[in-house]
Engineer: 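Once you've had a glance at the structure underneath, I'll fire off some questions.
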Protein chains: 2
Amino acid sequence: MTVLSRSAMEKSLPLLSTAIGHKLRRAQLLVFQDFHETFASLKLRPTEFAVLALIATRPGQKQTEIAEQLSIKRANFVALMDCLENRGLAERRKGDIDRRSHSLHLTEKGERFVEKMTQLWRHHEARIVRRLGGERNSELLIDLLDTLLGSESNIEAHQPEKQAAASS
Amino acid sequence: MTVLSRSAMEKSLPLLSTAIGHKLRRAQLLVFQDFHETFASLKLRPTEFAVLALIATRPGQKQTEIAEQLSIKRANFVALMDCLENRGLAERRKGDIDRRSHSLHLTEKGERFVEKMTQLWRHHEARIVRRLGGERNSELLIDLLDTLLGSESNIEAHQPEKQAAASS
DNA sequence: TATTGTTATACTCTATAACTATA
DNA sequence: TATAGTTATAGAGTATAACAATA
């Protein structure tokens with residue numbers, strides 16, 4: 001339909017269709033849009049989802065630890081955690097050794113919430129995987145993104161079952 | 001180093017390491033961080049880069065057309081375009097036929113700016129491609145992202161030279 | 001009446017500095 | 001002195017409604 005203008009061909013201008021950052025941003029917005037629709041009933045934002053997932057996976061971590069894993073400034077984490085605490089999903093406990101720190105835990109209600117959340121999450125992920133054309137492409141994408149991200153995001157000890165795409 | 005907690009293994013909680021949206025967001029932030037460092041000298045943001053690239057590729061498009069291609073609300077596009085116009089890089093011209101609309105063009109200064117911008121952009125992209133492990137992985141990633149994005153982003157008539165990953 | 005560009009506004013996300021209480 | 005959490009605040013980015021000029 002749309003044809004590249006002569007001026008663009010001649011001067012080899014930046015094409016957004018080849019700009020990795022631009023494509024990543026659009027893809028992320030698309031996935032987050034699906035996330036918002038999926039989790040509208042639970043009134044859960046991506047960041048809140050991530051916080052609950054991290055607390056559930058390893059309870060007792062300090063606020064700053066959770067915040068750092070998500071690249072959230074500790075100042076901005078406060079309101080986020082206030083919200084989860086006000087909803088009765090998670091709680092802060094005074095550290096016994098270091099009484100400055102708060103260790104984070106799920107409440108019982110939070111545990112049940114995470115179970116529901118996990119169900120919805122599987123549907124959401126399945127939808128994205130389908131859009132990507134299947135598990136194989138999905139794993140390929142994650143491997144490529146991990147390669148791009150480098151060593152910064154191996155928190156949960158992800159075991160690659162197949163050779164990463166980067167090794168070729 | 002870090003080991004997955006027993007609770008996470010037993011209940012199969014959401015692992016952020018397998019959450020596509022989460023990885024896409026982190027990857028996008030990493031690429032945009034490099035973008036910011038690369039274009040700090042030109043005081044150019046990703047969105048401004050995209051607008052200039054679109055105007056340069058096909059001059060004369062209306063504000064709303066450019067805005068829509070970038071998923072920017074036309075109300076928010078005004079200040080953005082004001083900025084580019086105040087810097088003398090681009091200009092609005094009253095449409096001859098439809099005098100409500102403004103067609104967008106680069107100034108001569110804007111043309112020169114886009115040339116410099118393009119140089120920096122190549123360095124930026126090359127850095128990302130290197131981080132990804134080479135051209136092959138880069139093309140693979142773009143194909144996967146295009147598959148995810150579907151038909152929404154084929155504005156510049158990107159010609160896939162090899163079979164898309166999605167076809168397997 | 002509908003559309004283009006615009007203004008005003010509000011809400012979210014993010015970033016920084018400074019405070020408090022503990023260490 | 002340094003650190004964990006907090007508060008306040010400012011700056012982006014984004015969303016909606018309403019208006020003027022034009023179709």
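Lettering follows sequence order; numbering is per chain, from 1.
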Engineer: Return the value, rounded to whole Å, for the distance between atom CD of A/Glu48 and atom C1' of C/dT12.
Structural biologist: 12 Å

Engineer: Just N and O in the side chain of B/Lys62: are any of them under 4.0 Å from OP1 or OP2 of C/dG5?
Structural biologist: no

Engineer: For C/dC13, does either OP1 or OP2 sit under 4.0 Å from a side-chain N or O belonging to A/Thr47?
Structural biologist: no

Engineer: With distance as the sole criterion, do the side chain of A/Arg100 and the base of D/dT3 form a donor-acceptor contact below 3.5 Å?
Structural biologist: yes

Engineer: Counting only side-chain nitrogens and oxygens, does B/Arg92 get under 4.0 Å of the OP1 or OP2 atom of C/dT6?
Structural biologist: yes

Engineer: A/Glu108 versus A/Arg112: any side-chain heavy-atom pair under 4.5 Å?
Structural biologist: yes

Engineer: Okay, side chain of B/Glu48, backbone of B/Leu84: is any donor-acceptor separation there less than 3.5 Å?
Structural biologist: no

Engineer: Considering only heavy atoms from C-beta outward, does the side chain of A/Ser138 approach that of A/Ile128 to under 4.5 Å?
Structural biologist: no

Engineer: Got B/Leu16 and A/Leu70 here, is their nearest side-chain heavy-atom distance under 4.5 Å?
Structural biologist: yes

Engineer: Using a cut-off of 4.0 Å on non-hydrogen atoms, how would the nucleic acid contact of B/Leu29 be classed: base, sugar-phosphate, or nothing?
Structural biologist: nothing

Engineer: Name the closest nucleotide to the A/Gln63 side chain, picking from C/dT4, D/dT6, D/dA17.
Structural biologist: D/dT6

Engineer: How many Å lie between CZ on B/Arg99 and P on C/dT3, as a whole number?
Structural biologist: 20 Å

Engineer: To the nearest Å, give me how far apart NZ (A/Lys73) and P (D/dA4) are.
Structural biologist: 15 Å

Engineer: Taking only the side-chain nitrogens and oxygens of A/Thr64, find out if one of them lies under 4.0 Å from OP1 or OP2 of D/dG5.
Structural biologist: yes

Engineer: Report the distance from atom CG of A/Asp98 to atom C1' of C/dT20, rounded to the nearest whole Å.
Structural biologist: 14 Å

Engineer: Side-chain N or O of A/Arg74 less than 4.0 angstrom from OP1 or OP2 on D/dA4?
Structural biologist: no

Engineer: What's the CD1-P distance between A/Ile72 and C/dT12, to the nearest Å?
Structural biologist: 16 Å

Engineer: Please report the distance, rounded to the nearest Å, between CG in A/Leu104 and P in D/dG5.
Structural biologist: 7 Å

Engineer: Applying a 4.0 Å non-hydrogen cut-off, can you work out what B/Arg25 is touching in the nucleic acid: base, sugar-phosphate, or nothing?
Structural biologist: sugar-phosphate

Engineer: How long is the line joining NE2 of A/His36 and P of D/dT14, in whole Å?
Structural biologist: 13 Å

Engineer: Rounded to whole Å, please give me the gap between CG in A/Asn76 and P in D/dA4.
Structural biologist: 17 Å

Engineer: Has the side chain of A/Thr107 got a donor or acceptor atom that lies under 3.5 Å from a matching backbone atom of A/Leu89?
Structural biologist: yes

